[in-house]
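Have a look at the structure below before the remarks.
Worth knowing before you read on, the calculation uses all heavy atoms, side chains too, and leaves out hydrogens, waters and symmetry mates. Protein chains get the first letters and strands the later ones, always in sequence-line order, with residue 1 at the start of each.
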Number of protein chains: 2
Amino acid sequence: MEEDTSNINITIETIPTISVDCVIFGYDANELKVLVRRETVPFEDKVFLEWKFPGNHVRRDEDIDATASRILKEQTGLENIFAKQFMVFSDPNRLKRRKQDYEWVKPRLNDDRVITVGFYSLVNLSDVDNSTIIEDAKWANAYESMILMFDHSEIFDEALKKLRYDLLHEPLVFELLPEKFTLTQMQKLYEVIFNTTYDKRNYRRKVNKMAYLIPLDEIQTGVSHKPARLYSFDREIYEKTRTERFDFRM
Amino acid sequence: MEEDTSNINITIETIPTISVDCVIFGYDANELKVLVRRETVPFEDKVFLEWKFPGNHVRRDEDIDATASRILKEQTGLENIFAKQFMVFSDPNRLKRRKQDYEWVKPRLNDDRVITVGFYSLVNLSDVDNSTIIEDAKWANAYESMILMFDHSEIFDEALKKLRYDLLHEPLVFELLPEKFTLTQMQKLYEVIFNTTYDKRNYRRKVNKMAYLIPLDEIQTGVSHKPARLYSFDREIYEKTRTERFDFRM
DNA sequence: GATTTAAAGTGTCATAATAACAATATGTTT
DNA sequence: AAACATATTGTTATTATGACACTTTAAATC
């Protein structure tokens with residue numbers, strides 16, 4: 001009877017063949033981070049530990065964007081954060097490919113195939129209270145490669161590729177920055193994400209043309225040197241003045 | 001018994017909750033076209049006619065790219081043509097939204113929800129023998145809006161948006177052009193897709209910088225005026241010399 | 001309160017890219 | 001040979017870019 005209930009639950013509440021995985025990017029201390037969670041897979045007399053991106057099945061009456069929001073809420077405690085689907089992963093053999101590496105995969109080779117919609121998400125880590133992050137998750141440096149479960153390494157690569165692509169055409173940096181930020185913080189963020197450096201003067205000349213980047217009458221506090229001016233992003237001005245042709249590359 | 005077989009077929013051969021829809025773009029006679037097919041929906045004593053993009057369910061052992069290839073082969077007779085997934089459509093209410101418009105939708109409101117992966121595809125129409133296009137399909141002008149089934153209007157809008165986006169960053173025009181083409185043909189194609197015009201001299205100065213655009217020792221034939229030089233696209237040179245930063249905008 | 005420290009903030013020049021603009025060349029048709 | 005239709009080509013003014021180094025400012029230290 002318990003098995004019955006569980007089956008009914010899966011059939012009615014979720015769509016077992018479709019899941020959403022979220023690559024959640026954060027930026028802190030000049031590092032691009034990504035949220036991974038530990039998965040424990042009990043198999044025979046052992047327990048296997050694996051890292052993966054947070055994910056979940058799509059519920060029956062839920063748009064996939066809602067699935068992504070739900071995952072983000074559950075994992076970080078945050079709502080209304082930026083998330084965007086970037087690719088569908090549908091390799092029917094994703095389990096098989098790791099057959100040789102992981103014993104526990106073997107008995108699951110005949111499981112139903114799952115198609116995954118990858119989302120990437122951007123959060124400003126200064127907003128994130130670490131107590132709201134679920135226990136088995138951690139912010140890992142995005143560039144320190146770790147072994148991930150299933151096809152999650154591929155999902156990460158595609159997410160980063162898409163993030164970079166989109167950053168050149170939309171003002172997405174502001175999702176990763178605090179409400180008020182300095183131009184140096186913004187420049188560093190670009191430099192970390194694109195793994196490059198820019199000339200400070202040229203960078204400032206460029207961003208000064210962005211009408212939606214608002215200099216505030218406030219300066220940085222708590223630094224032991226000349227404090228920098230703070231800026232904020234004005235979404236309204238951006239929406240009004242955006243043109244298809246503008247781009248954010250240096 | 002027939003019903004049984006059909007059910008088994010759906011369950012075993014395909015994943016009923018996941019489908020692929022293809023927006024197939026073609027270019028001919030200075031027009032951007034898109035392949036639509038007529039669907040007949042018998043309901044009670046009537047038959048409803050609807051237009052939609054070719055689509056199909058994903059088979060159980062098939063990567064979604066393979067599903068897209070299969071659809072393209074079936075509808076156009078062509079193989080190895082460019083196709084790229086661009087977005088997942090998952091609105092659980094897509095049938096409900098048309099409840100008021102179409103009687104035949106009503107009894108299907110409780111059908112299982114289908115999540116659709118949208119692909120766009122590019123074909124060079126001079127290669128397409130019209131006899132290989134299936135009977136119920138036609139090439140429609142992409143800009144003459146027509147009423148499409150389900151959420152296919154939204155799918156088209158997103159496909160065109162993504163096509164334009166990608167065209168600025170990858171040499172996709174060549175997928176829509178014949179093997180050998182003139183610079184004017186290439187310019188016109190851009191102009192049609194981006195709904196704009198360019199100055200011929202400036203356009204040529206720009207494309208002359210593309211090392212992978214090869215001037216041939218051949219000229220146009222069959223025109224009643226000065227024939228233009230033919231060019232071809234060299235994929236190898238492109239792959240070797242591509243940089244992330246180059247872009248195709250004017 | 002003078003000095004040190006650390007990052008903020010700022011300008012020039014040479015080169016490259018862009019936008020606006022029109023006349024000549026070359027095949028085909030009549 | 002003239003008319004036609006499109007191909008092909010160059011200049012100039014403006015704007016964008018890339019390379020490059022010194023001065024300013026607040027806090028911390030002596």
Side-chain angles (χ1 to χ4, degrees), chain A residues 27-31 168-169 177-178 180-192 194-211 213-232 241-250, chain B residues 28-30 167-169 173 177-178 180-192 194-211 213-232 241-250:
Chain A
Y27 177 67
D28 188 38
N30 290 351
E31 272 189 17
L168 295 176
H169 299 89
L177 288 168
K180 298 167 179 182
F181 51 87
T182 70
L183 293 186
T184 300
Q185 285 170 346
M186 183 174 162
Q187 181 179 343
K188 280 267 159 55
L189 175 50
Y190 266 101
E191 290 179 341
V192 167
F194 290 104
N195 189 30
T196 182
T197 57
Y198 303 114
D199 177 88
K200 196 199 293 195
R201 284 164 293 187
N202 293 341
Y203 186 85
R204 281 159 188 249
R205 182 177 51 201
K206 180 100 175 191
V207 300
N208 272 332
K209 281 183 223 146
M210 303 174 176
L213 187 64
I214 311 294
L216 303 174
D217 283 334
E218 261 181 276
I219 55 170
Q220 216 177 8
T221 57
V223 289
S224 69
H225 53 79
K226 178 176 178 180
R229 176 180 291 274
L230 294 174
Y231 287 74
S232 73
T241 62
R242 114 236 248 349
T243 67
E244 274 310 312
R245 302 171 65 82
F246 188 84
D247 82 72
F248 293 75
R249 66 190 63 189
M250 278 297 110
Chain B
D28 188 37
N30 290 352
L167 268 171
L168 295 176
H169 299 88
V173 253
L177 289 168
K180 299 167 180 183
F181 51 87
T182 70
L183 293 187
T184 301
Q185 285 170 348
M186 183 175 163
Q187 180 179 345
K188 280 266 158 56
L189 174 50
Y190 265 101
E191 291 179 341
V192 167
F194 290 104
N195 188 31
T196 183
T197 57
Y198 303 115
D199 177 88
K200 197 197 290 195
R201 283 164 291 188
N202 293 340
Y203 186 85
R204 280 160 187 250
R205 182 180 43 207
K206 179 101 177 193
V207 299
N208 270 332
K209 281 183 224 146
M210 302 174 175
L213 186 65
I214 311 295
L216 303 174
D217 284 334
E218 262 180 275
I219 55 170
Q220 217 177 6
T221 56
V223 289
S224 69
H225 53 78
K226 176 175 178 179
R229 176 181 291 274
L230 294 174
Y231 287 74
S232 73
T241 61
R242 114 235 247 351
T243 67
E244 274 308 313
R245 300 169 69 80
F246 187 83
D247 82 73
F248 293 73
R249 65 190 65 191
M250 279 296 109

Arg205(B) side chain to Asn202(B) side chain, donor-acceptor N/O pair below 3.5 angstrom: yes
From [atom1] of [X] over to [atom2] of [N], roughly how many Å is that when rounded to an integer?
| X | N | atom1 | atom2 | answer |
| --- | --- | --- | --- | --- |
| Leu230(B) | dG27(C) | CG | P | 14 Å |
| Tyr203(B) | dT18(C) | OH | P | 13 Å |
| Ile219(B) | dT6(D) | CD1 | P | 16 Å |
| Lys209(B) | dA17(C) | NZ | C1' | 6 Å |
| Gln187(B) | dT6(D) | CD | C1' | 13 Å |
| Phe181(B) | dA7(D) | CZ | C1' | 16 Å |
| Arg205(B) | dC21(C) | CZ | P | 14 Å |
| Asn202(B) | dT14(D) | CG | P | 16 Å |

Got a list of protein N/O to nucleotides 6-9 of chain C N/O distances below 3.5 Å?
from, atom 1, to, atom 2, distance (Å)
dA8(C), OP1, Thr184(A), OG1, 3.0
dA8(C), OP2, Thr184(A), OG1, 3.3
dA8(C), N7, Lys200(A), NZ, 3.4
dG9(C), OP1, Arg229(A), N, 3.0
dG9(C), OP2, Arg204(A), NH1, 3.1
dG9(C), N7, Lys200(A), NZ, 3.3

Which residues share a salt bridge (charged side-chain N to carboxylate O under 4.0 Å, His left out) with Arg201(B), sequence neighbours left out: Asp199(B)
Residues in salt bridge (charged side-chain N to carboxylate O under 4.0 Å, His left out) contact with Glu31(A), at least two apart in sequence or another chain: Lys33(A)
Which nucleotide in dT18(C), dT17(D), dC21(C) has an atom nearest any side-chain atom of Lys206(B): dT18(C)
dA19(C) base / Arg201(B) side chain donor-acceptor hit below 3.5 Å: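 No such pair is found, so the answer is no.
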Interatomic distance, Lys200(B) atom NZ to Thr184(B) atom OG1 [nearest 0.5 angstrom]: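 Going from NZ on Lys200(B) over to OG1 on Thr184(B), the span is 5.5 Å.
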Under 3.5 Å donor-acceptor, Gln185(A) side chain and Leu177(A) backbone: no
Atom CG of Asn30(A): over 12 foreign heavy atoms under 6.0 Å: yes
